[in-house]
Amino acid sequence: MLFYKTLILFFVLRGDLSEDESVEEAVDEASRQKMGQKEEESPDLQLNLDIDEQFKLPTGPRAGFLAVCDTLMAFLPAELPDLHIIHQRIKGNMEVLQDFVVKREEGRTRQEYLALLRRDMAAYYSYSDFLLVKLMDIFPLPELINFLEANEVPRPVTIRTNTLKTRRRDLAQALINRGVNLDPLGKWSKTGLVIYDSSVPIGATPEYLAGHYMLQGASSLLPVMALAPQENERILDMCCAPGGKTSYIAQLMKNTGMILANDSNAERLRSVVGNLHRLGVTNAVVSNCDGRQFPKVLGGFDRVLLDAPCSGTGVISKDPAVKTNKDEKDILRCAHLQKELILSAIDSVNAASETGGYIVYCTCSIMVEENEWVVDYALKKRNVRLVATGLDFGKEGFTRFKDRRFHPSLKSTRRFYPHTHNMDGFFIAKFKKFSNAIPQAQKGNLVLESQAGGFIVPFSHVSDEETPVEAATSSVPDTVMEPQPKKKKLEGSKINKKQKLPQPALKKGHSLQAQRRPLKAGRPSPKMMHPQVPTRKKHRVKRNGQ
């Protein structure tokens, strides 16, 4: 309003408006034009507006003034559009597109309708054109509207009961006594509770401070359920912050075994340490390491959980900035990082684990480039296969998307959406590693397949301590595969196994002897004729003397 008053004063001083004209009337006229409707208009008339009707400039002495105002406003940020008219146009456009042959206008193509729909959705829901194009490729048009509407509503607050300290029934009763309105999360979860409203801060109750529960989204419970950790296992949570999944793994393991909670961001590890102490987790070790280099640091885990960094297109209700601040480079950058992390996660798992050998990959994104594309890449690069996640609900992953064709087993992956499951958008895939060998190029794969009986079978007897060495020496797998048949003969003797463990160090110390052994049966190499060096010197002396 102050802007309009300034403009009016400017034109009065300039002489375009006479001082006799009512300033208040001009301000009222400008404000009515800005709002797009007059106060005396009835709602029925507003609903029956012709959407395609063009706006007519007013007539009278102030027509020139309003025209100049429109010209000046063109250099300022756009005014708020009439969202009601846009919403009605979106509905009408959707009806035409669903029965395009009958309801389309003569001479109009489907692309014109889609372009108008995309512009209207971008204006109504405040999305970038890039993200809307991506979403229109993933969802059918009616489902796309439901997805966009669901992102405008926050997801319900959910908590996870910490069974290390209490039971869900006791926790629910304690919170109800404090004025919390809650219900069980669902039949699929035995620990989750959904909070509708509370008369006390749900993150500051005595039960929360005592570690009886953890504030955690419903979708973040699913990867741990798919991982299905067992007691006394060695488990790696590669991207653990803020610690919700790590603590859930610990309570399923009943504080047995060992969990390595790793994250590359040292600042985020503070929340992990605080939550693990508060929840009473005693079997976790916290580390700060780049996940891409992890097999070189430590390996031989029974199971690995990789909640990979992503674009966040599944949690738009929590972070509305995702609507406009993501582009093609961001998606491809995340996909490249996820491919590196998933190969590292697979290399960190011991395929010979008696109870494990599983990897769970998950993201809070719905982009195909970050989900099915990455999983299909891992299937081609490592000896893994997809298995059922064990989750009874969720939509199947894509086996084909536009011009891409993925492995048929991607049907076993699961997608979760806000508009269908009332939780954040999520993707989950579960791998089973069947060999510690790392496939090479096509020629190398033919060699491995022809010698499968000699190479793959002995790997079932590889000890956990040797798995990191095997993963680190992926470029020369033959050096790791050669001694395996000897270990197969001695698998029943524990003493012989202990004697075999220090062999890699002995080979390094006596590399000369190890190189001589295969030369006894063959032709001696001139490079290995070091004992004959003194005789050569004497021979040279004789020649010089002669």
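Sequential numbering from 1 along the given sequence is applied to the chain's residues. Computed over heavy atoms, backbone and side chain alike; hydrogens, waters and symmetry mates excluded. As the structure is a computational prediction, the values presented were derived from the model and not from experiment.
- The shortest side-chain heavy-atom distance between Q216 and K245 falls under the 4.5 Å cut-off.
- Classification of D137 and K134 as a salt-bridged pair fails, no side-chain N sitting under 4.0 Å from a carboxylate O.
- With hydrogens and angles ignored, the 3.5 Å screen pairs a side-chain donor or acceptor of N255 with a backbone N or O of G280.
- Taking 4.0 Å as the cut-off between side-chain N and carboxylate O, R404 and E369 do not count as a salt-bridged pair.
- Taking the six-membered ring where tryptophan is involved, the planes of F393 and H421 are tilted, since the angle between them lies from 30° to 60°.
- Atom CG of L379 sits about 11.0 Å away from atom CZ of F406, to the nearest 0.5 Å.
- No hydrogens or angles considered: nothing links the side chains of R155 and S219 as a donor-acceptor pair under 3.5 Å.
- The backbone N or O of D263 lies less than 3.5 Å from a partner atom in the side chain of N288, making a donor-acceptor pair.
- The residues R104 and E112 are annotated as not salt-bridged, no charged nitrogen and carboxylate oxygen being separated by less than 4.0 angstrom.
- Counting only heavy atoms from C-beta outward, the side chains of L135 and Y127 approach each other to under 4.5 Å.
- Proximity of R414 to F426: side-chain heavy atoms (C-beta onward) are nowhere separated by under 4.5 Å.
- In this structure, Y125 and L132 have side chains that are not in contact, with every pair of non-hydrogen atoms separated by 4.5 Å or more.
- With rounding to the nearest 0.5 angstrom, the CD1 atom of I90 is 9.0 Å from the CG atom of L116.
- Taking 4.0 Å as the cut-off between side-chain N and carboxylate O, D327 and K329 do not count as a salt-bridged pair.
- Residues L227 and Y248 fail the side-chain proximity criterion, which asks for heavy atoms closer than 4.5 Å.
- With rounding to the nearest 0.5 Å, the separation of CE in M423 from SG in C364 is 14.0 Å.
- Between L276 and V286 the shortest side-chain heavy-atom distance falls below 4.5 Å.
- A donor-acceptor pair under 3.5 Å is absent between the side-chain atoms of T161 and the main chain of R167, judged by distance alone.
- Atom CE of M367 and atom CZ of F401 lie 7.5 Å apart (nearest 0.5 Å).
- Proximity of L337 to P309: side-chain heavy atoms (C-beta onward) are separated by under 4.5 Å at one or more points.
- Note: F294 and F301 have tilted aromatic rings, judged against thresholds of 30 and 60 degrees for the angle between ring planes.
- With hydrogens and angles left out, the side-chain atoms of T355 and D302 include no donor and acceptor closer than 3.5 Å.
- Side-chain contact between L185 and L221 is present, with at least one heavy-atom pair separated by less than 4.5 Å.
- A donor-acceptor pair is defined here as one N or O able to donate and one able to accept, closer than 3.5 Å; no such pair exists between the side chain of D307 and the backbone of C239.
- Of the inter-residue distances, the one linking I359 atom CD1 with I342 atom CD1 reads 8.0 Å to the nearest 0.5 angstrom.
- Put simply, CG on L148 and CD on E143 are 11.0 Å apart, with the number rounded to the nearest 0.5 Å.
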